[in-house]
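Structure record follows, encoded as structure tokens.
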Amino acid sequence: QVHMVESGGGLVQAGGSLRLSCAASGRSLSSYNVGWFRQAPGKEREFVAAIDWTGGSRTYADSVKGRFAISRDNAKNTVYLQMGSLKPEDTAVYYCASYSGTTWRDVLRNFDDWGQGTQVTVSS
């Protein structure tokens, strides 16, 4: 696990776009998978997208498929989440987490060292 810091959130109108960044500090991210997760008010945290350490495999939640794209730049030790065609139901705090030797499902169930996240608010 690598300490991650999320940024890039904000207020945007429905149909708009945002790019979130997830920057690693203190250690190279290049050998870790990274997942994005989100938690809306009053709801449980849910999976959004994941990218493997090579960048060659990406997984998306059905709710964001075709609208969001995850990518990574290992030279910058950063993973991005490009969000498009945003909907009010995308409003949430977005978190990222690095992991190795496990799955995003296990991270969602068991990870307990979440960062502060970045707030995304989509107005209708």
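Side chains are part of it too, since the values below use all heavy atoms of this structure and drop only hydrogens, waters and symmetry mates.
The two residues P88 and S124 have their closest heavy-atom pair at CG-CB, 3.9 Å. Taking every heavy atom of both residues into account, S100 and S31 meet most closely at OG-O, 4.2 Å. V34 approaches C96 most closely through the heavy-atom pair CG1-CB, 4.4 Å. T78 approaches S21 most closely through the heavy-atom pair CG2-CB, 4.2 Å.
Listed by first then second residue, pairs satisfying side chain to side chain donor-acceptor pair (under 3.5 Å) with a partner in residues 40-49 read R38-E46, not counting sequence neighbours. Applying the salt bridge (charged side-chain N to carboxylate O under 4.0 Å, His left out) definition to pairs two or more places apart or across chains, none involves residues 76-89.
Transitive grouping of hydrophobic side chains (ILVMFWY, heavy atoms separated by less than 4.5 Å) brings Y99 and F47 into a common cluster. Follow the hydrophobic side-chain contacts under 4.5 Å out from Y94 and you never reach V5; the two are in separate clusters. Note on V93: it clusters hydrophobically with W114, by side-chain heavy-atom contacts below 4.5 Å among ILVMFWY residues. Residues Y80 and I70 are members of separate hydrophobic clusters, defined by side-chain heavy-atom contacts under 4.5 angstrom among Ile, Leu, Val, Met, Phe, Trp and Tyr.
With sequence neighbours excluded, no residue forms a salt bridge (Lys or Arg N to Asp or Glu O under 4.0 Å) with R19.
For S98 (side chain) and V2 (main-chain N/O), a donor-acceptor pair under 3.5 Å exists by modelled atom type. Listed for the N77 side chain is a donor-acceptor partner under 3.5 Å among the backbone atoms of R27. Under a 3.5 Å cut-off, the side chain of T91 and the backbone N or O of V122 do form a donor-acceptor pair. Side chain of R72 to backbone of N33: no donor-acceptor contact under 3.5 angstrom is found. In this structure a side-chain-to-backbone donor-acceptor pair under 3.5 Å is present from D52 to G55.
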Working for ring-ring contact (aromatic ring centres under 6.0 Å, His included), residues F68 and W36: CA-CA 11 Å; F68 290 11; W36 280 99; 9.8 Å; no
Derivation and outcome, side chain to side chain contact (heavy atoms under 4.5 Å, CB included), residues Y95 and Q39: CA-CA 8 Å; Y95 303 88; Q39 187 166 22; 4.2 Å; yes
Side chain to side chain contact (heavy atoms under 4.5 Å, CB included) assessment of M4 paired with L29: CA-CA 9 Å; M4 314 292 283; L29 194 58; 3.7 Å; yes
Stepwise side chain to side chain contact (heavy atoms under 4.5 Å, CB included) check, L20 with E6: CA-CA 7 Å; L20 306 185; E6 306 91 346; over 6 Å; no
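Enclosure of atom CH2 in W53 is not indicated, since only 12 or fewer non-hydrogen atoms of other residues, nucleotides or ligands lie within 6.0 angstrom.
Between M83 and V120, the closest side-chain pair of non-hydrogen atoms falls below 4.5 Å.
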